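Here the structure is laid out as structure tokens; the discussion comes afterwards.
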Amino acid sequence: MTAPVSIQAISQTYGTARALDAVSLDIAAGEFIVLLGPSGCGKTTLLTLIGGFAEPTAGRILIGGRDMAGIAPKDRPTTTVFQDYALFPHMTLADNVAFGLRMRGMARPARMDRAAEILALVGLEGRGNRRPHELSGGQRQRVALARALAVEPDVLLLDEPLGALDLKLRRQMQDELKAIQRRVGTTFIHVTHDQEEAMAIADRIVVMNAGRIEDAAPPAEVYLRPKSLFTASFMGEVNLIPVQGGQSPLGPLVTGNGTLMIRPEAIGVTDGPADTLPLGPARLIDVTFFGTYQRARLAPLAAPGMTLTAHLPQSATLAPGTEMALFASAHSFLEATP
Amino acid sequence: MTLATRERRLGWGLMAPALAWTLAFFVLPFAAMVALSFAHMDGRSIVRGFDPGNYIRFFTDWTLFKALVNSLEITAVVTVVSLVLAYPLAAIIAFRVPARWQRLALLLAVLPFWTSYVVRSYSWLLVLGQNGVVNKALLWAGVIAEPLALSASRTATVIGFVHFFVMLLTLTIYANLIQLSPNYARAAQDLGAGRIATFWHVILPLTLPGVVTGAFLTFVLCIGDYITPQILGGNTELTLPQLIMLQLGRSGNFPLASALSVVLMAVVTLAYAASARWLRLDRL
Amino acid sequence: MRVLIWAYMAAAYAFIFLPVLVLVVFSFQDGRLPVPPFQGFTLRWYGSVLGNAKLMSALGNSLLVAVVSSSLALILGFLAAHALARVRLPGSVLLRGLLIAPMTVSYLIIALGLLTVFNQTGVRLSLWTAGIGHVVINLPLCFAITYAAMGDQQRSAERAARDLGASDWQVLVHVSAPMLAPALAAAFFLSVTFSWDEFIIAFLLTRFDVTLPVEIWSMLRSGLSPATNAVGALVFLVSTALVVVLELTLFRKAKP
């Protein structure tokens with residue numbers, strides 16, 4: 001089951017602190033949305049409001065076109081996968097997964113069958129009799145997911161569900177999460193502060209900062225053509241070059257007033273097609289080997305106080321002090337200054 | 001000397017004073033008491049030996065055995081009533097009182113702890129006595145015509161105990177409730193549980209270890225207490241500790257007192273065995 | 001539902017406060033009996049209590065026994081906890097059980113056991129013998145509280161100190177004890193409270209010099225009197241003041 005979600009001018013204040021400031025967002029049925037931002041940006045608050053664990057100070061939330069004002073969590077078509085999983089330690093995995101069905105009055109044999117089915121979906125078939133404390137972190141995460149999916153919600157809310165897992169397992173679970181979402185077709189709203197995780201799973205990334213939405217677009221767009229300087233920096237390392245009246249410290253590069261944003265991997269030492277931007281000569285300060293690339297820090301000759309970061313090919317022979325001409329194969333421009 | 005040997009020697013060195021104290025002033029006296037319980041009195045002098053007569057007397061003499069029955073009945077009622085009264089109070093403080101007021105609410109709930117234990121029982125005498133506050137108020141209101149015999153009875157003992165243990169259990173149950181992740185209750189509600197279902201299926205089972213620990217503590221302190229029944233219970237019936245003190249005082253019958261103490265100890269041990277599965281004594 | 005909840009809370013607090021309230025109100029009774037009706041306000045019972053030499057010396061005895069026995073229990077408990085938390089000793093579960101055991105035994109039994117031994121060995125009863133009993137009941141408490149407070153962080157800090165050249169005693173004094181200060185303080189004040197208020201051990205193990213609860217007990221034998229109320233009210237006020245001060249200073253800082 002699935003449903004669209006419409007968030008309309010939601011604000012939330014705690015005392016004088018404003019956690020959310022008139023946030024609006026439309027989410028399509030079956031979409032995998034990731035709310036991304038640093039801690040304290042309001043992403044978890046927004047999730048809490050959708051789940052019904054708090055009432056917004058202002059604004060409306062519609063799920064499947066129905067206004068959720070005054071509707072308790074238990075009556076909402078949403079379920080949550082909590083950050084600490086909140087698995088009931090005194091129940092078996094099967095009882096955990098079947099809990100929601102039990103509350104809906106489903107008879108024991110039927111709900112146990114269903115629980116076994118869902119546990120199989122998340123890769124835990126035949127383990128229904130175990131208890132949460134016998135499981136690894138990744139397995140607990142799967143049970144929490146299974147429990148939330150068992151009641152066939154329209155919208156699944158995930159509060160940093162992979163945050164407690166180590167990196168390798170996290171990458172693996174991302175793929176599984178994505179696959180499961182494709183299979184069940186439920187709308188997923190997933191909160192994280194890890195931009196790689198966001199890009200790996202999201203249909204659309206919603207970047208949040210200080211209680212506002214900075215950007216909302218598919219991963220490639222958020223990364224390559226960010227709508228704000230905050231998004232540009234948050235999505236990964238970036239070179240920000242101020243431009244004033246078509247003039248930058250590196251000479252005339254683009255017209256207008258604002259900031260030129262170039263990702264390190266877009267900077268190279270070879271000229272390319274017509275839209276390649278020549279950045280002029282620079283001196284190599286130092287270089288670090290990173291496996292798939294070499295991270296070079298360079299000082300442009302035109303502006304020796306400035307440092308550019310470039311990801312140069314693994315095979316390049318680089319010696320500090322060398323001068324080289326730099327080119328940007330891709331860039332974006334924003335009418336905003338840092 | 002290897003590092004491990006040195007470490008171990010240091011460990012025993014640090015351990016030794018506490019261990020010696022516990023052996024000398026707890027284990028040894030207890031052993032001496034058990035040994036004494038098999039002695040008997042000849043006139044006013046103690047005759048040592050291995051004589052189970054004190055135990056036989058306890059289990060066959062109804063006037064003695066009745067004290068154990070009284071103690072068990074009172075303790076059972078006190079434990080159950082205190083739990084039933086304290087749990088809602090702890091839950092209200094933990095879930096309904098705003099976070100910044102909770103510490104104050106808790107501090108107030110246990111404030112009478114800070115008066116002397118002896119005086120606390122005594123003040124219930126002022127409340128429940130023939131001319132006490134309750135009787136005077138009820139007479140004045142015309143609810144009763146004659147003063148109720150509230151004090152000097154088992155009811156008074158139970159009220160005095162319940163007062164103390166409600167405070168104690170509110171503390172322990174609150175400590176348990178507050179360390180539960182709020183996400184447990186949220187998860188239950190999220191999955192469709194109402195308030196009562198959330199409590200019954202999730203909160204209560206999760207706090208059971210704390211409840212059992214509190215109940216055990218109540219049991220141990222209540223069944224071993226001399227003051228409350230002595231002040232509030234009157235002379236109509238004796239509890240086991242009262243009987244023990246009676247042996248010490250009037251007749252100087254230390255062997256019988258020791259045997260009764262061993263019985264008391266055995267009852268507590270049984271209670272411990274019954275609740276050991278859930279007990280978390282190290283996490284009080 | 002909401003009304004019911006607050007009504008329950010109010011009733012519970014009324015029940016909890018009723019005896020203390022009655023105690024304090026009738027300590028000001030201008031009459032012989034501390035029961036209704038209230039005959040007028042007087043401070044003379046407080047005067048007679050403060051002028052009662054036996055009560056005042058019992059108060060001093062209580063303080064002495066409480067502070068000395070709690071200090072000893074704290075030191076013994078801390079050292080033992082440190083040993084068990086740091087060194088892997090054989091039978092450590094058993095040792096822990098043995099140290100905790102007195103917590104599950106009625107005070108009456110502990111007192112009777114000690115009395116038996118003291119009688120047999122001819123040790124004369126005094127404040128010292130009562131103090132010994134109080135160490136027995138407070139040692140498990142101090143041990144358990146400090147042991148629970150010793151976590152991994154504590155262990156790493158101690159390791160770091162030794163790595164930097166501190167001797168075992170220097171580690172104990174400069175690292176372990178200061179890091180555990182809140183737990184040690186909590187254990188100490190809890191012990192003082194228990195010892196201060198303990199009756200049965202003090203009753204059975206003292207003879208001529210007695211502690212305050214024992215002295216109050218003997219006052220009770222002469223029946224109801226506003227003087228007893230005054231003693232109780234004084235103890236209550238002083239303890240409450242102490243708790244409030246501690247709450248505002250020590251434990252406020254201990255909170256995260």
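Quick note on labels: first sequence line is chain A, next is B, and so on, each numbered from 1. Keep in mind that what you see is a predicted model, and the values were worked out from it rather than measured.
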Part of [X] lying under 4.5 Å from any heavy atom of chain C:
X      : value
B/L111 : both
B/A20  : neither
B/L89  : both
B/I46  : neither
B/L128 : neither
B/I231 : side chain
B/V27  : side chain
B/V268 : side chain
B/M265 : both
B/L125 : side chain
B/W140 : neither

Review point. Would B/Y117 and C/E198 count as a side-chain hydrogen bond (donor to acceptor under 3.5 Å, both in side chains) if you check the C-alpha gap in whole Å, the side-chain angles of each, and the deciding distance to 0.1 Å?
Key: CA-CA 8 Å; B/Y117 191 93; C/E198 199 288 321; over 6 Å; no
Taking side chain as everything from C-beta outward and backbone as N, CA, C, O, which of these in [X] sits under 4.5 Å from a heavy atom of chain B? Side chain, backbone, both or neither.
X      : value
C/L224 : both
C/F15  : both
C/F203 : side chain
C/W6   : side chain

Looking at [options], which has the largest count of heavy-atom pairs under 4.5 Å with chain B?
options                     : value
C/L98, C/I110, C/D168       : C/D168
C/L108, C/L112, C/V22       : C/L112
C/L115, C/V117, C/L114      : C/L114
C/L84, C/V20, C/L95         : C/L95
C/P19, C/A83, C/G133, C/A80 : C/P19
C/L204, C/I216, C/I5        : C/I5

Exercise for review: Side-chain contact test, heavy atoms from C-beta onward, threshold under 4.5 Å: evaluate it for B/T228 versus B/W124 and give yes or no.
Suggested key: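 A side-chain contact under 4.5 Å is absent here.
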Check your understanding: So, do C/F78 and C/S176 sit near enough that their side-chain heavy atoms are less than 4.5 Å apart?
Key ->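 Side-chain contact under 4.5 Å: yes.
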Using atom types as modelled and distance alone, determine if a side-chain donor or acceptor of [X] lies under 3.5 Å from a backbone N or O of [Y].
X      : Y      : answer
C/H82  : B/L14  : no
B/Q242 : B/Y226 : no
C/Y13  : B/A105 : yes
C/S106 : C/I109 : no
B/Q102 : B/I93  : yes

Side-chain polar contacts of residues 229-239 of chain C - donor-acceptor pairs under 3.5 angstrom, sequence neighbours left out - could you list them?
from: C/N229; atom 1: OD1; to: B/Y122; atom 2: OH; distance (Å): 2.7
from: C/N229; atom 1: ND2; to: C/L23; atom 2: O; distance (Å): 3.1
from: C/S239; atom 1: OG; to: B/W114; atom 2: O; distance (Å): 3.0
from: C/S239; atom 1: OG; to: C/V235; atom 2: O; distance (Å): 2.5

**Study point:** salt bridge (charged side-chain N to carboxylate O under 4.0 Å, His left out) partners for C/R162, two or more places apart
**Key:**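 Expected list: B/E7.
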Check your understanding: Is there a side-chain hydrogen bond (donor to acceptor under 3.5 Å, both in side chains) between C/N119 and C/T116 once you walk through the steps?
Key -> CA-CA 5 Å; C/N119 277 348; C/T116 309; over 6 Å; no
